[in-house]
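Report on the following structure.
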Amino acid sequence: MHRSTASPTHPSGRTLGLGLALVSAFAFGGSGTAAKPLIEAGLSPLHVVWLRVTGAAVALLPIAYRHRDAVLRRPGLLLGFGLLAVAGVQACYFAAISRIPVGVALLIEYLGPPLLIGYVRFVQRRPISRGAALGAGVAVAGLACVVEVWNGLSFDALGVLFALGAAFCQVGYFLLADAGRRGDRPVDPLAVSAFGLLIGAVLLTVFTRPWQADWSLLGGSVVMNGHTLPALLPAAWMVLIATVLAYLTGVVSVGYLSPPVAGVVANLEAVVATVLAWVLLGEHLGLPQVTGGLLVLAGAFAAQTSKPPTAEAGAGAGAEVGEGSAAGAAGSSAPSGATASRAAVAARERVAAADRGVSGRSSRTSRGD
């Protein structure tokens, strides 16, 4: 099992976490571009989703077998991740776009990071940096431009509820990824991804009925922006890059970034999807998409460059202890020089102990198991 000792508050840890989160966002962003030629060839969207999740689950079977003890250690965590972060997001999103415009559904789904910030702040009562909150707001405004939400404003209560369901499932993705590395029985993030996809594949099989699809289409060719290519090529990209790589890097990145920051960076997925559709599918990219993409980038930058509130709190606590100890030493210096010396030593020991306590908490909360 790989254990990371890097802390989210440490520059190298945050840099690695940001890199992984960016890889995840770019990988997730290519799923729609890879899936569209398969859908146009005759596969239904739900069957494409089943292919994506099931193919990824099969590819990760060796990891699941290696970490099979995770099933006994944290069964609820793995079941929740498969239900929410895999099957729930996919099912709710496709149910939403069957009733409301895709752009509106995407915007509502990507309300997940602000909802995540609200959950962490008001339910878990953990501090949130101003940068993460500001970045989430800017990113949502940018997403509204990317999807041109004003071109598809229509209200369907059930469709909106499905899209909100996808947003809440996205919140579950980050919270469960973070929970896996906490507690007395941490689970390797690779195991969380592997078993989550496996459970999600089983759940989706019940609803999508893959035996009704014409899978012989995968042996033929598809058309992408006027170019003919083997159908297995976009299928392999969708499974290996847009799912396997995306989930593995995304779950691991939460161990180096806080869930709110990782959630804001994940908003880049919509920008990547738009740009890839422009480059590979020939879809139009106008000024609103460019402006929105820049706003999303600005929001992600503001979130990941902000100083983590835990570090600020830890520094403040250390300063308070230091000040209190110094005051105690000064007050005890009156009786004699020896007493003052002993008091100064005791003060330094208390400050060192406080610092060790703060750093210990940081390393525990950032361990990527």
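Keep in mind it's a predicted model, so treat the numbers as computed, not measured. Only heavy atoms go into these numbers, but all of them, side chains included; no hydrogens, no water, no symmetry mates.
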Joint cluster assignment, [X] & [Y], ILVMFWY side-chain distance < 4.5 Å:
{"X": "Val71", "Y": "Val251", "result": "yes"}
{"X": "Val89", "Y": "Leu164", "result": "no"}
{"X": "Leu72", "Y": "Leu77", "result": "no"}
{"X": "Phe94", "Y": "Ile39", "result": "yes"}
{"X": "Phe162", "Y": "Leu203", "result": "no"}

(request) Any chance you could lay out the side chain to side chain contact (heavy atoms under 4.5 Å, CB included) test for Val192 and Leu176, step after step, and finish with the verdict? (result) CA-CA 9 Å; Val192 174; Leu176 291 170; 5.9 Å; no

Show the nearest heavy-atom pair for residues [X] and [Y], with the distance to one decimal.
{"X": "Val53", "Y": "Gly200", "value": "CG1-C, 4.0 Å"}
{"X": "Ala177", "Y": "Val254", "value": "CB-CG2, 4.1 Å"}
{"X": "Ala246", "Y": "Ser24", "value": "O-OG, 2.8 Å"}
{"X": "Ala21", "Y": "Ser253", "value": "N-CB, 3.6 Å"}
{"X": "Cys92", "Y": "Ala166", "value": "CB-N, 3.5 Å"}
{"X": "Ala70", "Y": "Val187", "value": "CB-CG1, 3.8 Å"}

(message) Are more than 12 heavy atoms, taken from residues, nucleotides or ligands other than Phe168, located less than 6.0 Å from that residue's CZ atom?
(response) no

(message) Under a 3.5 Å distance rule, please check whether Arg68 uses its side chain to pair with a backbone N or O of Tyr65 as donor and acceptor.
(response) yes

So how far is it from [X] [atom1] to [Y] [atom2], rounded to the nearest 0.5 Å?
{"X": "Leu51", "Y": "Leu218", "atom1": "CG", "atom2": "CG", "answer": "6.0 Å"}
{"X": "Asp214", "Y": "His47", "atom1": "CG", "atom2": "NE2", "answer": "10.5 Å"}
{"X": "Leu20", "Y": "Leu257", "atom1": "CG", "atom2": "CG", "answer": "8.5 Å"}
{"X": "Tyr256", "Y": "Leu16", "atom1": "OH", "atom2": "CG", "answer": "5.0 Å"}
{"X": "Leu204", "Y": "Arg209", "atom1": "CG", "atom2": "CZ", "answer": "14.0 Å"}
{"X": "His67", "Y": "Arg73", "atom1": "NE2", "atom2": "CZ", "answer": "9.5 Å"}

(request) Please work out which of the three classes, parallel, tilted or perpendicular, describes the rings of Tyr173 and Phe81, given edges at 30° and 60°. (result) tilted

Is there a side-chain contact between [X] and [Y] in this structure, where contact means two heavy atoms from C-beta onward sitting under 4.5 Å apart?
{"X": "Leu22", "Y": "Val265", "answer": "yes"}
{"X": "Thr208", "Y": "Val49", "answer": "no"}
{"X": "Thr205", "Y": "Pro210", "answer": "yes"}
{"X": "Leu175", "Y": "Gln124", "answer": "yes"}
{"X": "Val86", "Y": "Ile199", "answer": "no"}
{"X": "Leu217", "Y": "Leu38", "answer": "no"}
{"X": "Gln90", "Y": "Arg52", "answer": "yes"}
{"X": "Glu40", "Y": "Val223", "answer": "no"}

(request) Start with the C-alpha distance between Thr228 and Val222, add both sets of side-chain angles, then the distance that settles side chain to side chain contact (heavy atoms under 4.5 Å, CB included), and finish with yes or no. (result) CA-CA 6 Å; Thr228 301; Val222 295; over 6 Å; no

(message) Before we go on, tell me: are the rings of Phe28 and Tyr247 under 6.0 Å apart, centre to centre?
(response) yes

Could you list the donor-acceptor pairs under 3.5 angstrom formed by side chains in residues 229-242, with sequence neighbours left out?
none

(request) For a side-chain contact (heavy atoms from CB on, under 4.5 Å) with Ser193, tell me which candidate from Leu248, Thr249, Leu198 qualifies. (result) Leu248

(request) Applying side-chain contact (heavy atoms from CB on, under 4.5 Å) between Val23 and each of Leu18, Val252, Leu245, report the one that passes. (result) Leu245

(request) Output every pair passing ring pair (Phe, Tyr, Trp, His ring centres under 6.0 Å) with a member in residues 204-225, not counting sequence neighbours, ordered by first then second residue. (result) Trp50-Trp215

(message) Show, in sequence, the C-alpha distance, side-chain angles and deciding distance for Asp178 and Arg126, and conclude whether the salt bridge (charged side-chain N to carboxylate O under 4.0 Å, His left out) test is met.
(response) CA-CA 13 Å; Asp178 183 56; Arg126 291 161 56 189; 3.7 Å; yes

